[in-house]
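Being a predicted model, the structure only gives us computed values, none of them experimental.
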Amino acid sequence: MEAAKTINHEAQKKLGRRDLSERKLFNDAFSTNPAKPGASKLRLAKKDGGDTYANLHQGARAFAEGLYAGIRNPGMHQPQENHGGQQQLALQQTLLTFYMCDVSRHR
């Protein structure tokens, strides 16, 4: 579960935000609403007027929701079996994806 904490910490650092964390942080960061002062956004692609832009960001929000609701939260409250590091690998791959996002700041 350390990877989930790291993902949250690194996203907060990249966005310059400490007011939100985990699900709320990623739901806001990947929303397609414009960035505002103190509320930067993570962008997976440039807005081109097509559906792909919105779909990518909706998918990222859903993925982050699943990451924290389905893996991190139960993992912190229930004993876990060793799954050969598969969950840790999935979380590390997610962290790499978030590192690759562009940050959109209010201008």
(request) Over all heavy atoms of both residues, which pair between Leu25 and Asn8 is shortest? Give the atoms and the distance, please. (result) CD2-OD1, 3.8 Å
(message) Could you check whether any side-chain heavy atom of Tyr68 comes within less than 4.5 Å of a side-chain heavy atom of Phe26, counting everything from C-beta outward?
(response) yes
(message) Per the side-chain hydrogen bond (donor to acceptor under 3.5 Å, both in side chains) rule, what does the pair list look like for residues 44-62, sequence neighbours excluded?
(response) Arg43-Tyr53
(request) With rounding to the nearest 0.5 Å, note down the distance linking CZ in Arg18 to NE2 in His9. (result) 5.5 Å
(message) Measuring only between side-chain heavy atoms, which start at C-beta, is Leu67 closer than 4.5 Å to Ile7?
(response) yes
(request) With sequence neighbours excluded, give me every side-chain hydrogen bond (donor to acceptor under 3.5 Å, both in side chains) pair touching residues 24-35. (result) Arg17-Asp28, Asn27-Glu65, Asp28-Lys41, Ser31-Lys41
(request) State, to 0.1 Å, how close Ser40 and Ala35 come at their nearest heavy-atom pair, and which atoms those are. (result) CA-CB, 4.2 Å
